[in-house]
Structure formats: C-alpha cells, structure tokens
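A quick write-up on the structure given underneath.
We count ligands from 1, going down the list as the structure has it; atoms in each ligand are counted the same way.
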Amino acid sequence: MKILILNGPNLNLLGRREPGIYGARGFEDYFRELQARYPDVELTYYQSNHEGDLIDKIHEVGFTADGIILNAGAYTHTSVALHDALRAVPAPAIEVHISNVHQREEFRHHSFISAACRGVICGFGLDSYRLALEGILALKS
Ligand code: DQA
C-alpha cells in the first residue's frame, strides 16, 4: 500500500504558523509518528509552496500510488489546475484540512478540489491526516 501525503503552501511552517489555529507541532514530527503507527503502509511526504510542483508530484505518483492525502492549503480555494491534475490520475485523493475551514472566513468555504477528491476531512487538527489514511485503507479493504 503506497500513500502520498502532499502538503501545499505555508504548511512547512506548521508548529510556528498561527499555532492557535494549526497547533504547535511540526509536520515532520507528526509524520514520523504516523509512519510508526502504520508500519505496513509505504507512506511518503512531500511539501511545496509552489502550485506547479504540487501538480508535478500528483502526475509522478498518481498512476502508481494507492491514494493521495492532499492538504492544498490556500490553493484549495483558488486552483482549477490542481482539480484537473487530480482528475487526470487514477489514485483516489482525500482532501484534508487541519482547521474546520467552514468555521472560518467565507473565502475558505469554497474548494476547487473537493469535486475531484474521493472524500474530504477537515477540522480534526493533525489527526485529519490519520483519518484520511484510514479512509483510504477502508476503500482498499
Ligand atoms: C488549511 C486551510 C486553508 O484555508 C489554509 O489556506 C491553509 C491550511 C488547513 O489545513 O486548515 O493553508 O488547508
């Protein structure tokens, strides 16, 4: 089972960025815990602040991975190109957000990528990623 966690812009600053919203923990630390908890899953992690890099990564893994867990950050609310990239590959994607975007500013309420994803999880802090992983495992079982 091969699953990619793909994080978009500003998520490299997790732990330091608006900790009241996103928490005090860095993503690398959380990712190591996730790997230890799911030793049978080949989990990989990639982060970029650049839309084209995220699209390239989806193209690179999307034909071979069993699933993509995508937190596209602010590109969620702007990117038709990410929507198209997700539609272009067979791997199911789960859209993830750490915060509950629907409790926040109105511009965060619309997602361009939800319609290209198998499911959406938001609002559970970093645990949103684990819940998405469970969702992919459930799809495959
Ligand atoms: C986010 C929510 C987005 O609106 C925001 O732009 C982010 C993070 C989240 O994980 O809660 O960068 O995707």
Side-chain angles (χ1 to χ4, degrees), residues 1-140:
M1 183 71 84
K2 290 183 186 171
I3 296 175
L4 169 72
I5 296 179
L6 188 54
N7 272 348
N10 301 306
L11 293 166
N12 55 312
L13 295 182
L14 282 179
R16 288 187 287 160
R17 169 195 186 198
E18 299 186 89
I21 297 175
Y22 299 113
R25 193 169 184 189
F27 195 79
E28 278 78 4
D29 184 44
Y30 173 73
F31 181 68
R32 277 191 292 274
E33 181 190 308
L34 212 51
Q35 282 179 307
R37 191 159 169 177
Y38 293 89
D40 298 333
V41 178
E42 199 182 306
L43 267 178
T44 51
Y45 165 56
Y46 182 78
Q47 189 276 332
S48 176
N49 293 321
H50 305 281
E51 189 174 11
D53 287 347
L54 298 169
I55 291 165
D56 286 344
K57 199 66 180 175
I58 291 168
H59 294 175
E60 184 190 318
V61 307
F63 289 92
T64 52
D66 295 291
I68 297 173
I69 296 169
L70 172 62
N71 186 347
Y75 290 140
T76 304
H77 317 299
T78 63
S79 181
V80 175
L82 273 172
H83 170 110
D84 287 349
L86 292 169
R87 281 227 191 271
V89 301
I94 311 287
E95 175 183 346
V96 156
H97 301 286
I98 296 165
S99 62
N100 180 349
V101 287
H102 301 288
Q103 286 179 335
R104 299 181 64 194
E105 304 96 320
E106 200 161 338
F107 65 83
R108 297 185 202 277
H109 296 181
H110 179 258
S111 167
F112 276 97
I113 63 173
S114 298
C117 288
R118 183 66 174 72
V120 181
I121 294 176
C122 78
F124 292 93
L126 286 176
D127 205 34
S128 294
Y129 292 89
R130 185 190 62 79
L131 294 168
L133 177 50
E134 285 290 347
I136 293 172
L137 295 179
L139 281 179
K140 299 282 170 178

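Interface of Asn71 with ligand 1, defined as ligand atoms under 4.0 Å from a residue heavy atom, comprises 1 (C), 9 (C), 10 (O), 13 (O). Taking a cut-off of under 4.0 Å to the non-hydrogen atoms of Val101, the atoms of ligand 1 that pass are 2 (C), 4 (O). Those atoms of ligand 1 with a heavy atom of His77 less than 4.0 angstrom away are 3 (C), 4 (O).
Heavy atoms of His97 found under 4.0 angstrom from ligand 1 belong to the backbone as well as the side chain. At a 4.0 Å heavy-atom cut-off, ligand 1 does not touch Glu105 at all. At a heavy-atom distance under 4.0 Å, atoms from both the backbone and the side chain of Ile98 approach ligand 1.
The backbone N or O of Asp53 sits nowhere less than 3.5 Å from a side-chain atom of Ser48 that would complete a donor-acceptor pair.
Under a 4.0 Å N-O distance rule, the pair Arg130/Glu33 does not qualify as a salt bridge. Using a 4.0 Å cut-off between charged side-chain N and carboxylate O, Asp84 and Arg87 make no salt bridge.
Protein heavy atom nearest atom 11 (O) of ligand 1, with residue, atom name and distance: Ser99 OG, 2.6 Å. Of all protein heavy atoms, the one lying nearest to atom 8 (C) of ligand 1 is Tyr22 OH, 3.5 Å. For atom 5 (C) of ligand 1, the nearest non-hydrogen atom of the protein is Arg108 NH1, 3.3 Å.
No N or O atom of Val96 sits closer than 3.5 Å to an N or O atom of ligand 1.
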Ring pair (Phe, Tyr, Trp, His ring centres under 6.0 Å) between Phe112 and His110, intermediate numbers included:
CA-CA 7 Å; Phe112 276 97; His110 179 258; 4.6 Å; yes

Derivation of the side-chain hydrogen bond (donor to acceptor under 3.5 Å, both in side chains) call for Asn49 and Gln47
CA-CA 7 Å; Asn49 293 321; Gln47 189 276 332; 3.0 Å; yes

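In this structure, Asn12 CG and Phe27 CZ are separated by 12.0 Å, a value rounded to the nearest 0.5 Å.
Side chains of Tyr46 and Asp56: a donor-acceptor N/O pair is absent below 3.5 angstrom, by distance only. No side-chain donor-acceptor contact under 3.5 Å links Glu95 and Thr76.
Residue contact check for ligand 1: Thr76 places no non-hydrogen atom closer than 4.0 Å to it.
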